[in-house]
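Everything numeric here is computed off the predicted structure, so don't read it as measured data. Each chain gets a letter, A, B and so on, in the order its sequence line appears, and its residues count up from 1.
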Amino acid sequence: MQRQPQTDERSDRDDPSTDGLNPQQRTAVEHLVGPLLVFAGAGTGKTRVITHRVARLIAHGVAPWQILAVTFTNKAANEMRERIIDLVGLAAGGVNVGTFHGQCLRILRRDFHRIGWESDFSIYDATDQLRAVKQAMSDLDMPLNTVSPQAVRNEISRAKDELATPHEYAERAEGFFQETTASIYHRYQRVLRSAQAVDFGDMIAYAVQILRESPEARTAYHGRFRFILVDEYQDTNRAQYYFVRELAAGHGNVCVVGDDDQSIYSWRGADIRNILEFEDQFPAASVVRLERNYRSTKRILAAANEVISKLATRAPKTLWTDRADGDALGLVEAFDEDDEAQQVLEVVRKLSADHQVARRDIAIMYRTNAQSRAFEELFVRLGVPYQLVGATEFYNRKEVRDVLAYLRAVANPRDLLSFERMANVPRRGIGATTLKSLRTWAEQTGLAPGELVRWLSQQADAPDAVEADVPLGGRARRALTELGRVMRKLDTLASELPVGSLINAVVQETGYDDVLDNDPDRPEERWENVVELAAAAGKYDEFEPREGLQRFLYEAALVSEVDNLAEQSEAITMLTYHAAKGLEFGVVFMTGMEEELFPHIRSHDDPDQMEEERRLAYVGITRARDRLFMSYARFRSGWGTPVRFPSRFLGDIPREHLVYERRLDEQPGLPPVAPVTAQAEPQAPTERTFRDGQKVRHRVFGEGLVVSGKVTRFDEEVTVMFEGAGLKHLAVNMANLEALN
DNA sequence: GATCAGGAGATTTTT
DNA sequence: TCTCCTGATC
C-alpha cells in the first residue's frame, strides 16, 4: 500500500490511557457496551477516539479478533490498522479492520455455500457491470438506445444499495425507464449468476442474506464479532446499515462514528438517515458530540463554519478551536488551467523558501480527476515530485483489463464477460456472431462458453472421440477449438505457477505480447503496466498457485488505488476532494474553485446535490491545518463554457479572511469579474437577447440561425446552426454575435 | 462473417 | 482526449 499522508492528528500519538483526552472524547472512549453514536466534526480527534476505544476494549479483556472495525476505503482501513498497532502494539494486529466490501468478501468466501453459491466467484466492477447490462439488454432483444445502459447500471446499483431484489424493484417501478430497468435488472442478475459473478452491491446483499437465512452463520458471527465499530457512518448506504444491524443483533455493541456535514456520497447511495436516525434504530444508544477542533487555525475554521452554515438541513453543531488566528486564506486568480498550475507552484515555492514548508505537507485538491492533468504536465516538465492519490485508474487500463480477463477466465471458467473479453484478443477469428452462437449452444447444454471451448479442444485431442453434435460452422469451430487449447494450457499453468509468473506466462502463451508490441501509440507504457501488474501479483506468490490467483483477483477487484511505484516522501500530494476526506495537510490548495466545476455543473438543478457540493467544499477547507489557498481560472478548455466565474463558495467566506495572492490585470478579451472578496452575485442577464430562429453573424463562423438558447447564471447561451461551421454552442458575452434581423 | 476506419459521444465523485 | 459504436469493406 502506498504511504498515505497523515490522518487526523497523527501528530499527537500517545499512550493508551485516557489522559490527554477531552471530556467528550473520554466519554466516547469509556463507553464500552451497547450502542454508541459519535458525532465527530472535522479535526476533532475522531481517529484518536477510535484507537483509544479499541485499546480500552483490549485492556478490558476483549480479544483483538473479537473486534470488527469497518471503514469505507482501503486507505482508511490501512490507516486505522496502523494507528491501532501504534497505540496498542502488535498484538492488536488481530483486530479485524477492513472495508465493508472486504468484510463481506470474507463472509462470502466462508459461507457463500449456505445460500447456494460456490466460494470462488468473480467480482464485477463498474465496467463489468456495464457490459453485463448490455448483455442483459441484448438477451432481451432490446436495442442499446432503448435506455442508457449507464443509467440502468446506476439505477440497478441504487436498487441494490437499498437491498431491493429485481422483484421488489419491479413492484415499485414507475414510468418507462424504471419499468424497463426492472426487466433488465432481472435479466442482469441471471447473467451474473450464470457467470458465477457478483457485483459490489451483491457482495453486501449476499452477506446480509447469509446472516439472515443461515442460523449457523449468524450464530458464528455473533459469537465471533463482539464489538463492532463503523467509521464514516454518514456515508453508509441502506444495505450497509442492514449489514451492521445483522452483525450487531446479538449484542448491540455497535459504535458508529461520523459527521453528517461530511456526507459526500449520496450519489452512491449513502443514506444520511442512517446516522440521523441511529438513536431510533438502536434504542438506548448513547450520543457523544465532538466539537473541539484541534486541526485548523481560527480563520480556516471560520471559513469552514461559514460555508457549512448555509446548508438547509444539518444536525446543529459548531466547531471551535483554541488555535491562533493564522494567515488569511490566499486567493489565486489564474488565466486558464495551465496558468493555475503555474501560479499554484509559485505559491508552493514561496512557502518552501519563506516558511520551510515541506512538500509532503502540501496537498493540491480538485473536483474532478481530469483536473490533475495540467498540474502533472507542469510538474513532470519541471521535475517537481508529486504523488497522485487514487485516480490513476490502473485497473481500468485496457492492457490491465485484458490480462485480468485471462486470469479471471482461468480462475472461473463460467465467467462469461471475462471469457468474451479475451476470446478474440489477440485476433483469433472469433467475432460477435461466433460468440453469439457459442452462447446459444451454451444455453442449450447448460455449460458455459469457457467450458465448451475447453471441451472442443479435448475432443480434438481424442482421435476416437464420438462425434457429438456441435452447432458451429467449420471455421468458427476451428477458431474456438484453438482457443480451448490455449485455455487448457493456461489451466495447467495456473496450477503450477505462482500468480506473478503466471501473468508472464499468460502474456506469452496467448500471443498477447505481440498485441503489446504492436500497439499503435504507446507499447512501452502498456508493457510497463503489465509488468507492474505482475509485480503486484507477486505479493501472492507465497500461496498455493490457485489460491494465490484467486486472492489476487479479489484484491484487484476491491483495491482501486495502486501502489505508487516509488515512495516519495518529499512529494506534493494531489487528490480529489472526495479522496481527501479523513486526511489533513499543513497547506491545502483548493483548485478549480469555479461555478460549474465546483459546485459541479451536474449538481446545478438539484438542490440536494448542491448541498452535497457544499459539504464537499467544507471537507476540502477542513483538511487544512495552517494555510489554505483557493484558486480559480478565468478560462478553462475542455467541455462546457470556456468562460469561468468564481465559485459561490468563495463568496460565502467573509472577506476579511481572504487575500489575493495574485490577480490578473484586466486585459482585452477578459470579461470583467468583480473581485471575489467584494462580490455578491455576478450580474446575469435576465432575459434572452437572441430569440429562436434569429439570424446572426459570427466573425469566424459566418451566418447562422439560432436554434435554442437559455439564460444562465452569468450569461446567455445560444445554440446556433451555422451555414458553414455547423452547430455551435456559444456564450453571448464572448461570441460577439451580430443580430441580422 | 471478421476486420477496419472513421465518427460520434461522453467525460464527477468510488467500493 | 479517449473509448465505444456504427457502417463500410474485404
Within less than 4.0 Å of OP1 or OP2 of B/dT12, is there a side-chain N or O belonging to A/R602? yes
Does A/T434 put a side-chain nitrogen or oxygen below 4.0 Å from OP1 or OP2 of B/dG1? no
Whole-Å distance, A/Q150 CD to C/dT3 C1', equals 11 Å
When rounded to whole Å, the OH to P distance for the pair A/Y366 and B/dT14 reads 9 Å
Face-on cation placement of A/K581 at A/F72 ring, 6.0 Å and 45° thresholds
yes
Rounded to whole Å, CZ of A/R373 lies from C1' of B/dT11 at a distance of 13 Å
B/dT12 base stacked by A/H600 (centroids within less than 5.5 Å, tilt under 30°): yes
**Prompt:** Base, sugar-phosphate, or nothing: which does A/K160 touch, judged by heavy atoms less than 4.0 Å apart?
**Reply:** nothing
Regarding the side chain of A/Q609, the nearest nucleotide among B/dT14, B/dT15, B/dT12 is B/dT12
Practice prompt. Check the side chains of A/R614 and A/Y618 for a donor-acceptor pair under 3.5 angstrom, ignoring hydrogens and angles.
Written response: no
Of the listed B/dT12, B/dT14, B/dA2, the closest approach to the A/N369 side chain comes from B/dT14
Side-chain atoms of A/R475 come closest, of B/dT12, B/dA2, B/dT15, to B/dA2
Smallest heavy-atom separation, A/P426 atom then A/V515 atom, equals CB-CG2, 3.4 Å
Side-chain atoms of A/W267 come closest, of B/dT15, C/dC5, B/dT14, to B/dT14
### Task
Tell me what A/S603 touches on the nucleic acid: a base, only sugar-phosphate, or nothing, going by heavy atoms under 4.0 Å.
nothing
query: Can you find a donor-acceptor N/O pair under 3.5 angstrom joining the side chain of A/H578 to the base of B/dT13?
result: yes
Is it the case that A/Q129 and A/K134 place a side-chain donor and acceptor less than 3.5 Å from each other?
no
**Q.** B/dT3 OP1/OP2 closer than 4.0 Å to side-chain N/O of A/N424
**A.** yes
Within less than 4.0 Å of OP1 or OP2 of B/dT14, is there a side-chain N or O belonging to A/T576? yes
Quote, to the nearest angstrom, the C1' distance that separates B/dT12 from C/dC5. 24 Å
On DNA chain B, more 5' by nearest nucleotide between A/R268 and A/G429 is A/G429
Assign each of A/E612 and A/R428 the nucleotide of DNA chain B bearing its closest heavy atom; nearer the 5' end lies the nucleotide of A/R428
- ring centroid sep under 5.5 Å plus plane angle under 30, A/Y577 with B/dT13: no
Hey, what are the protein-to-nucleotides 5-8 of chain B N/O distances that come in under 3.5 Å?
none

In whole angstroms, the gap separating P of B/dA10 from CG of A/L144 amounts to 14 Å
Separation of B/dT15 atom C1' from A/L558 atom CG, nearest Å, is 7 Å
Whole-Å distance, A/R153 CZ to B/dT14 P, equals 14 Å
_Once you apply a heavy-atom cut-off of 4.0 Å, does A/Y265 come out as touching a base, just sugar-phosphate, or nothing?_
sugar-phosphate
Query raised in the report: Does a side-chain N or O from A/K436 land closer than 4.0 Å to OP1 or OP2 of B/dG1, or not?
Result: no
_Heavy atoms only, 4.0 Å cut-off, all strands: where does A/F72 land among base, sugar-phosphate and nothing?_
sugar-phosphate
- Is there a side-chain polar atom (N or O) of A/T433 under 4.0 Å from OP1 or OP2 of B/dA2? yes
Have A/Q135 and A/D139 got a donor and an acceptor in their side chains that come within less than 3.5 Å? yes
To the nearest angstrom, the CG-P distance between A/L583 and B/dT14 comes to 12 Å
Could you tell me if A/R268 sits above the aromatic ring of A/Y265, with its cationic atom closer than 6.0 Å to the ring centre and no more than 45 degrees from the axis? yes
To the nearest angstrom, the CG-P distance between A/L130 and C/dT3 comes to 15 Å
Practice task
Report yes if some heavy atom in the side chain of A/Y366 is under 4.5 Å from a heavy atom in the side chain of A/S372; otherwise report no.
Solution key: yes
* Asked: When we call it a touch if two heavy atoms are under 4.0 Å apart, what does A/R427 touch: a base, just sugar-phosphate, or nothing?
  -> sugar-phosphate
### Pair A/Y577 + A/F598: ring centers closer than 6.0 Å
yes
Closest heavy-atom pair, A/R636 versus A/E340, reported as atoms and distance to 0.1 Å, is NH2-OE1, 3.0 Å
